[in-house]
Number of protein chains: 2
Amino acid sequence: MPNEKNLPACPVETPLMLIGDKWKVLILRDLMPGTKRFGELKKSIGNVSQKVLTAQLRDMEEKGLVNRKVYAEVPPRVEYSLTELGKSLKPILDAMWNWGEEYKAQNV
Amino acid sequence: MPNEKNLPACPVETPLMLIGDKWKVLILRDLMPGTKRFGELKKSIGNVSQKVLTAQLRDMEEKGLVNRKVYAEVPPRVEYSLTELGKSLKPILDAMWNWGEEYKAQNV
DNA sequence: CAGGATCCAAATGGATACTG
DNA sequence: CAGTATCCATTTGGATCCTG
């Protein structure tokens, strides 16, 4: 995640650096209610290849948005959840959600 | 722009279809205060190639987010501004801005 | 089940040259 | 000035196979 050294000039760009990516917003949305397994996440997002979803999750983990918990079981179980930083992005998702609802209401 | 036929299931995805792209958010941000010429926009965004910026603007125009006005002058002048639909996305930008500010405040 | 490794097709993006 | 056209390097993404 960006620190004081490499924060962008405009605050709008900070969330873009972290979730400026279609899949990441959807991951965030689907983890907002709580923990999900990899397979659940893949299904709930729909149309992501495993490779891409894995890469995005690794990236978000690295940026401190997502927790990854591996259970030493057979078959393996991996659960993903949001960190506090990840959860803190909720107002942005809410704004998007509200806009989408408003748009739908005006285009039915 | 999406109509009632092809709206995504989740409202969060509607704005993503329109501005789910780093450059588009920045274009939106820079046009929010008012009209700008192509060159101004290019400079204020920084690090976009002309080709990409043009393509993004065309796309946003097609989606009804941006107005394009060409003046029959020499040298030519082209001004871009937001439509009402484009302006209506402001709450999303505000949410991003607020988050960026908050983040900065906690990481200085 | 979750994902690493590979291979390959397609999309994206930059640089450059040219034009009304 | 604001593009369009072209060429090319890089990135991205899907499909597939394999494994603890």
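All figures in this text were calculated on a predicted structure; none of them were measured in a lab. Values below: every heavy atom of this structure, side chains too, minus hydrogens, waters and symmetry copies. In the text below, chain A, chain B and the rest are named by the order of the sequence lines, each starting its count at 1.
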**Message:** How close do B/Asp30 and B/Ser44 get, counting heavy atoms only, and between which atoms?
**Reply:** OD2-OG, 2.9 Å
**Asked** Quick one: A/Lys42 NZ to D/dG14 P, roughly how many Å, whole number?
**Response** 9 Å
**Prompt:** Quick one, which residues of residues 19-26 of chain A touch DNA chain D with a heavy atom under 4.0 Å?
**Reply:** none
**Prompt:** Between B/Glu40 and B/Lys43, is the closest basic N to carboxylate O distance under 4.0 Å?
**Reply:** no
**Message:** Using whole Å, what does the distance between atom C1' of nucleotide C/dA2 and atom CZ of A/Arg68 come to?
**Reply:** 8 Å
**Item:** Nearest listed nucleotide, side chain of A/Phe38, among D/dA2, D/dT4, C/dA2
**Value:** C/dA2
**Asked** Rounded to whole angstrom units, what separation is found between the CD atom of B/Glu73 and the C1' atom of D/dA2?
**Response** 12 Å
**Item:** Any A/Arg37 side-chain nitrogen or oxygen under 4.0 Å from OP1 or OP2 of C/dA2
**Value:** yes
**Prompt:** Is there any side-chain hydrogen bond (donor to acceptor under 3.5 Å, both in side chains) pair reaching into residues 88-100 of chain B, and which pairs are they, with sequence neighbours excluded?
**Reply:** A/Ser88-B/Trp99, A/Trp99-B/Ser88, B/Lys90-B/Asp94
**Prompt:** Across the strands shown, which category fits B/Tyr80 at heavy-atom distances under 4.0 angstrom: base, sugar-phosphate, nothing?
**Reply:** sugar-phosphate
**Fill in**
On DNA chain D, more 5' by nearest nucleotide between A/Pro75 and B/Arg77 is B/Arg77
**Asked** When you measure from the side chain of B/Pro76, which nucleotide among D/dT4, D/dA2, C/dC1 comes out closest?
**Response** D/dA2
**Request:** With the side chain of A/Lys51 defined as its heavy atoms from C-beta on, choose the nearest nucleotide among D/dA15, C/dA2, D/dC7.
**Result:** D/dA15
**Request:** Using modelled atom types only, decide if a donor and an acceptor are shared between the side chain of A/Thr35 and the backbone of A/Glu79 within a distance under 3.5 Å.
**Result:** no
